[in-house]
Amino acid sequence: MNHLVIYNKKLFARDYINLMLTGNKVLGSKFTSRRTAPYQKLKSGDYLYLKESSGPVLGRVRAKVVISKEIVNPEEIMEFLTKYRQDIGINSDESLMNIWRRNSNKRYLCYWTVESPEVVQCPVFIHKRDRRTWVVGFEPSEELLAAFL
């Protein structure tokens with residue numbers, strides 16, 4: 001299955017798409033308040049098409065190992081972020097705390113290892129008008145598929 005994943009550089013203060021496509025971010029994660037995608041929707045072998053917020057699709061990766069879990073307390077989130085900070089791409093204590101504050105009230109976590117990064121030959125813009133940051137069952141256009149050749 002294909003997924004469209006939107007990243008906002010301003011929100012994260014890092015270019016996570018570039019980090020994934022260069023192999024410097026090997027673990028993706030998403031915290032949610034409800035059981036929404038990718039929680040229990042992302043499966044091993046699925047493709048994640050990586051799009052900048054208000055920008056083009058820049059590449060894709062495959063999910064290798066996928067884990068969805070319910071979070072019991074905020075300390076679990078800090079333990080996860082601390083344990084995997086390098087794999088996630090967290091480069092400072094300030095970033096760690098900002099991510100924790102933004103997610104400390106979340107109840108669900110999906111995380112996955114990233115493999116097979118592919119960069120598009122030329123960025124492809126797609127028409128997406130809703131505010132979802134994760135789209136399950138994304139159907140890439142012929143133009144987008146051709147950009148990987």
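Using a 4.5 Å cut-off on side-chain heavy atoms (C-beta onward), Tyr84 and Val26 make no contact. Counting heavy atoms from C-beta outward, Val5 and Thr133 have side chains that stay 4.5 Å or more apart. No side-chain heavy atom of Val114 sits under 4.5 Å from any side-chain heavy atom of Lys64. You'll find the side chain of Pro123 stays beyond 4.5 Å of the side chain of Val57, heavy atoms only.
Shown here are the side chain to side chain contact (heavy atoms under 4.5 Å, CB included) partners of Arg101, two or more places apart in sequence or in another chain: Met97, Asn98. Residues forming a side chain to side chain contact (heavy atoms under 4.5 Å, CB included) with Asp93 (at least two apart in sequence, or on another chain): Arg85. Asp46 meets the side chain to side chain contact (heavy atoms under 4.5 Å, CB included) test with Met1, His3, Leu42, Lys43; sequence neighbours excluded. Listed by chain and residue number, Tyr108 satisfy the ring-ring contact (aromatic ring centres under 6.0 Å, His included) test with Tyr39 (two or more places apart in sequence, or in another chain). For Trp100, there are no ring-ring contact (aromatic ring centres under 6.0 Å, His included) partners at least two apart in sequence or on another chain.
A tilted orientation is assigned to the rings of Tyr111 and Phe80, their planes being inclined by 30° to 60°.
Looking at Arg60 and Tyr47, their side chains never bring a donor and an acceptor atom within 3.5 Å of each other. There is no side-chain donor-acceptor pair under 3.5 Å between Lys41 and Thr36.
Of all the heavy atoms in Gln40 and Ser68, the pair that sits closest is N-OG, 3.0 Å. Nearest heavy-atom pair, Ile6 versus Arg132, reported as atom, atom and distance to 0.1 Å: CD1-O, 3.9 Å. Minimum heavy-atom separation, Gly89 to Tyr16: O-CE2, 3.8 Å. Closest of all the heavy-atom pairs between Ala37 and Trp134 is CB-CD1, 3.5 Å.
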Please tabulate, for side-chain N and O atoms in residues 138-149, each donor-acceptor pair with protein atoms closer than 3.5 Å (sequence neighbours left out).
| residue | atom | partner | partner atom | Å |
| --- | --- | --- | --- | --- |
| Ser141 | OG | Leu144 | N | 3.1 |

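Judged purely by atom type and a 3.5 angstrom limit, Lys25 uses its side chain to pair as donor or acceptor with the backbone of Leu27. No donor-acceptor pair under 3.5 Å is formed between the side chain of Thr82 and the backbone N or O of Glu79. Under the 3.5 Å distance criterion, the side-chain polar atoms of Ser92 are matched with a main-chain donor or acceptor of Ser95. In this structure a side-chain-to-backbone donor-acceptor pair under 3.5 Å is missing from Ser116 to Val61.
Counting heavy atoms of neighbouring residues, nucleotides and ligands inside a 6.0 Å radius, atom CD of Glu76 exceeds 12 of them. Glu70 CD: more than 12 foreign heavy atoms inside a 6.0 Å radius.
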Task: Evaluation steps, salt bridge (Lys or Arg N to Asp or Glu O under 4.0 Å), between Arg62 and Glu118 - done: CA-CA 9 Å; Arg62 279 182 45 155; Glu118 297 178 74; over 6 Å; no
TODO: Carefully, step by step, assess Lys106 and Thr32 under the rule side-chain contact (heavy atoms from CB on, under 4.5 Å).
DONE: CA-CA 5 Å; Lys106 305 292 172 75; Thr32 57; 5.5 Å; no
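Taken together through direct or relayed side-chain contacts under 4.5 Å among Ile, Leu, Val, Met, Phe, Trp and Tyr, Trp112 and Ile67 form part of one hydrophobic cluster.
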